[in-house]
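Bear in mind that the values here come from a model prediction, so they are computed numbers and not experimental data.
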Amino acid sequence: MQKQSFIFTIFTPTYNRAKTLHRVYHSLCQQTFRDFEWLVVDDGSTDNTRELIAQWQIQADFPIRYYYQQNQHKKVDRKSTRLN
């Protein structure tokens, strides 16, 4: 199997944003330049993000890669956020 390569990867991290992801999808559908893929990394959404992306993967004329991971929460280095 040959790996596809694209000039651009549009990266969208998401967490429970199924209600707003359609704006990204529809914007990508309107693009005239087609040498891109859409990479969606889902940080443990509990809404219907997975099902929505699966539907778009069938419909879209561009590749959509979807990765799900357990929620990692926001990582904060407390030392770097201290005020002196």
K.L.:
Side chains of Thr49 and Tyr66: closer than 4.5 Å at any heavy-atom pair?
P.N.:
yes
K.L.:
Roughly how far, to the nearest 0.5 Å, is NZ of Lys19 from CG of Asn48?
P.N.:
9.0 Å
K.L.:
When you check the gap from the basic side-chain N to the acidic O, do Asp47 and Arg17 get nearer than 4.0 Å?
P.N.:
no
K.L.:
Would you say Phe8 and Glu37 make side-chain contact, with heavy atoms under 4.5 Å?
P.N.:
no
K.L.:
Check Ser45 against Asn16 and note the closest heavy-atom contact, atom names and distance.
P.N.:
OG-N, 2.6 Å
K.L.:
For Arg23, look at atom CZ and say whether over 12 heavy atoms of other residues, nucleotides or ligands are found less than 6.0 Å away.
P.N.:
no
K.L.:
Heavy atoms, side chains only, cut-off 4.5 Å: are Tyr68 and Ile53 in contact?
P.N.:
no
K.L.:
In this structure, are over 12 heavy atoms from other groups packed under 6.0 Å from Phe11 atom CZ?
P.N.:
yes
K.L.:
As a quick check of understanding, evaluate side chain to side chain contact (heavy atoms under 4.5 Å, CB included) for Thr14 and Asp43, giving each step before the final call.
P.N.:
CA-CA 6 Å; Thr14 188; Asp43 189 32; over 6 Å; no
K.L.:
Looking at Gly44, is its backbone amide N or carbonyl O close enough to the side chain of Gln70 to form a donor-acceptor pair, meaning the two atoms are under 3.5 Å apart?
P.N.:
no
K.L.:
If you look at every heavy atom in Val24 and Trp38, which pair is closest and at what distance?
P.N.:
CG1-CZ2, 3.5 Å
K.L.:
Given side chain to side chain contact (heavy atoms under 4.5 Å, CB included), test Tyr25 with Leu21 step by step and report yes or no.
P.N.:
CA-CA 6 Å; Tyr25 175 71; Leu21 279 173; over 6 Å; no
K.L.:
Would you say the side chain of Leu28 lies within less than 4.5 Å of the side chain of Ile10, judging by non-hydrogen atoms?
P.N.:
yes
K.L.:
Among the clusters formed by ILVMFWY side chains lying less than 4.5 Å apart, do Ile64 and Ile7 turn up in the same one?
P.N.:
yes
K.L.:
Are Tyr15 and Asn71 close enough that some pair of their side-chain heavy atoms sits under 4.5 Å apart?
P.N.:
yes
K.L.:
Measure the CZ-CZ distance between Phe6 and Arg34 for me, rounded to the nearest 0.5 Å.
P.N.:
11.5 Å
K.L.:
Return the orientation label for the Phe62 and Phe36 ring planes: parallel under 30°, perpendicular over 60°, tilted otherwise.
P.N.:
tilted
